[in-house]
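Reviewing the structure listed below.
So that the names make sense, note that chain A is the first sequence line, chain B the second, and so on, each numbered from 1. Remember, predicted model here, so these are calculated numbers, not experimental data.
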Amino acid sequence: MLTANRLRDGDVLYRKGDGWVPLLADGEVYADQASADAALAAANAELANNTFVAPYLFEVREACGKIVPVKEREIIRAAGPTVHPHTGKQAGQINA
Amino acid sequence: MLNPKQVEPNMYRYDEFDARFVSERVEQFAGQVERRLSGELTEDQFKPLRLMNGLYLQLHAYMLRIAVPYGTLSSRQMRRLAHIARTYDKDFGHFTTRTNLQLNWIKLVDVPAILRELAEVEMHCIQTSGNCVRNVTADQFAGATDEEIEDPRPLAEIIRQWSSLHPEFVFLARKFKIAVGATEKDRAALQYHDMAVQIVKNAEGRIGYKVMAGGGMGRTPYIAHVMREFVEREDILAYLEAVLRVYNQDSRRDNIHKQRIKILINTIGPEEMRGRVAREFEEIKRTGTLQLPQEELDRITAYFALPRFETGLSDDMPEAGKDFADWARTNVHKHRAPGYAIATITLKTPGQVPGDATSAQMDTIADLMDEFSVGEVRVTHEQNLVLPHVRKKDLPAIFAKLKELDFASPNAGLITDIIACPGLDYCDLANARSIPIAQSIAKKFENLARQQDIGELKIKISGCINACGHHHAGHIGILGVDKKGVEFYQLQLGGSGAEDASIGDIMGPGFTEHEIAGAVERVVDVYLKTRKDGERFLDTYRRLGMAPFKDAAYEKVAA
């Protein structure tokens, strides 16, 4: 998957098609490295539009029918701090 | 928003120049934010500018780091921090090991307004990031303890002014941290700083400064070397400038892991460094451009005049029940004035996030500051707060209020008074979470009688090798690492950030998130079984070495 932060407020974003969505569950999973690289290249080309910053790819896997990141870092980034469950996307909060 | 009960403490106040300088900087950055949003500045161009103003992009959002110079805050400033956290963030802030406050959910578009609100109360975020001289820290008991030779805050303020936007030192090879102390007992981790100044008296009884340099944590920890045992008062800025100039000129800039002054000094050797600094110092002195006039020192010192202490107060500790007595035993320290005390508020009730405070808690602490501590509080590098000047007779009332805040844990210096960096819950650089580990260890040792039996034991946890949680200086240090996407935790034993500074020894392979608190408990059990009378954990470790602790720590894992 491809993620970035919105420029204005820093909110975590996930790539879907040609745009961005705030929740990992709504993001696009790329079937292979080539399509992931193509999505990143497209995002990098859009950086000049100044709506998002710092795009990068990360790995996901399927678990119990859901898409979850492989690394703890991305699990926390997608949900919010594990020590403040009332904050972040896990609490339905989007920073915008 | 003026609080009618607000007390103005004796601390440095901006003069016209300071106010204009900070205000101009705010408007400059506001313009840069506007240009970034319009696309006039690219992210590559903007990033160093936002970092110079304390604005990071972290795991979930932007994080703003607000400087608290030498840890001193007025109640007016504390209320403003609470207001900013409530208005622009998620209603809480995090006090850090650099005695700053971090807000974790900041929006870029709000930053100019936040900086304007900070400037109104003489605060800013300048030099809380970037390769420059960072926020100067000091002993949290400054001006209150009877152990000190003199209050270190005037010198800390002078260093702050000298190093703020110093044209020669705004683009150093790496960040540069300075601490100041004035007692034999080191509460500011002096020897772990890039440069530290200890106020001392020489054989003739003259007050001057011992300067140390080359300490640091991170990937390659070092204890600082003494650069000069005694620098005369009027020469201190010249000497500090000499150290920084040698560092700036001679440090490597080709490898990010070798750019701190500790690497330079330990590569060329402390003797060679002393020689280079001495030559530079003599050159600066010869030109006579950087003397610190006594009248300027006096002018700054006057801002920090001691409050007028009441006389005739009883110096006895009030009787207010067992809970109060327990709290007073660990969290109350001797004050210079009879009838007064220094009270530590640990932001570490077992289960809490170390260093976190909600806006409401900050507001109530501001009220306590006004009512009981001449409007002043100190932030400590151990992520606690200190009321520096309280009448002993007021301690029970303070304790009762802290209980309402859930900040009345009687654990200052005990095993549950744990330092933890934000770790992977917030930090973009972290490899593992720190806070949940601190919480699980604190809950395991929650029983107060057990904590008191264990005595002084400092646990410090970092979520990566950058060591913001000071794990190298922990009696028990814990370093979070990433092994193929899974968090593991390495133990280090025998570190100290105090006057007996030492770097902890690495025990061996890491423990999982679920194993680490148990491993710590087995290590502590070895101490309890083998300690001699009066020995702290650190003393027993230094006497016995790693072996018995290591055997116990891994015993259960292997079983």
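V486(B) has its side chain out of reach of E72(A): every pair of non-hydrogen atoms, C-beta onward, lies at least 4.5 Å apart. Side-chain contact between S38(B) and N50(A) is absent, with no heavy atoms from C-beta onward closer than 4.5 Å.
Evaluation of the salt bridge (charged side-chain N to carboxylate O under 4.0 Å, His left out) rule for D417(B) yields K348(B) as partners, not counting sequence neighbours. For T42(B), the side chain to side chain contact (heavy atoms under 4.5 Å, CB included) partners at least two apart in sequence or on another chain are D44(B), Q45(B).
Without hydrogens or angle criteria, Y62(B) side chain to L7(A) main chain gives a donor-acceptor distance under 3.5 Å.
Residue Q58(B) holds its CD atom at 11.0 Å from CZ of R77(A), rounded to the nearest 0.5 Å.
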V109(B) and D9(A): CA distance, side-chain angles, deciding distance, side chain to side chain contact (heavy atoms under 4.5 Å, CB included) verdict: CA-CA 7 Å; V109(B) 290; D9(A) 54 34; 5.7 Å; no
Applying side chain to side chain contact (heavy atoms under 4.5 Å, CB included), run through L59(B) and I76(A) and close with a yes or a no. CA-CA 8 Å; L59(B) 208 55; I76(A) 294 171; 4.0 Å; yes
Check the pair L47(A) / E43(B) against side chain to side chain contact (heavy atoms under 4.5 Å, CB included), numbers first and verdict last. CA-CA 9 Å; L47(A) 281 172; E43(B) 186 61 17; over 6 Å; no
Verdict with supporting geometry, K484(B) and V70(A), side chain to side chain contact (heavy atoms under 4.5 Å, CB included): CA-CA 9 Å; K484(B) 296 180 181 169; V70(A) 170; over 6 Å; no
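Atom CZ of R73(A) has more than 12 neighbouring heavy atoms from other residues, nucleotides or ligands inside a 6.0 Å radius. No more than 12 heavy atoms of other residues, nucleotides or ligands shown are found within 6.0 angstrom of CD on E34(B). Shown here is D26(A), whose CG atom has more than 12 heavy atoms of other residues, nucleotides or ligands within 6.0 Å.
Neither the backbone nor the side chain of D91(B) has a heavy atom closer than 4.5 Å to any heavy atom of chain A. Both the backbone and the side chain of V12(A) come within contact range of chain B, judged by heavy atoms closer than 4.5 Å. Contacts between D482(B) and chain A at a heavy-atom distance below 4.5 Å involve the side chain alone, from C-beta outward. When heavy atoms are compared at a cutoff of 4.5 Å, L57(B) approaches chain A solely by way of its side chain, counted from C-beta outward. Using a 4.5 Å cut-off between heavy atoms, R433(B) contacts chain A through its side chain alone, with no backbone atom that close.
With 3.5 Å as the limit, one finds a donor-acceptor pair spanning the side chains of D356(B) and H84(A).
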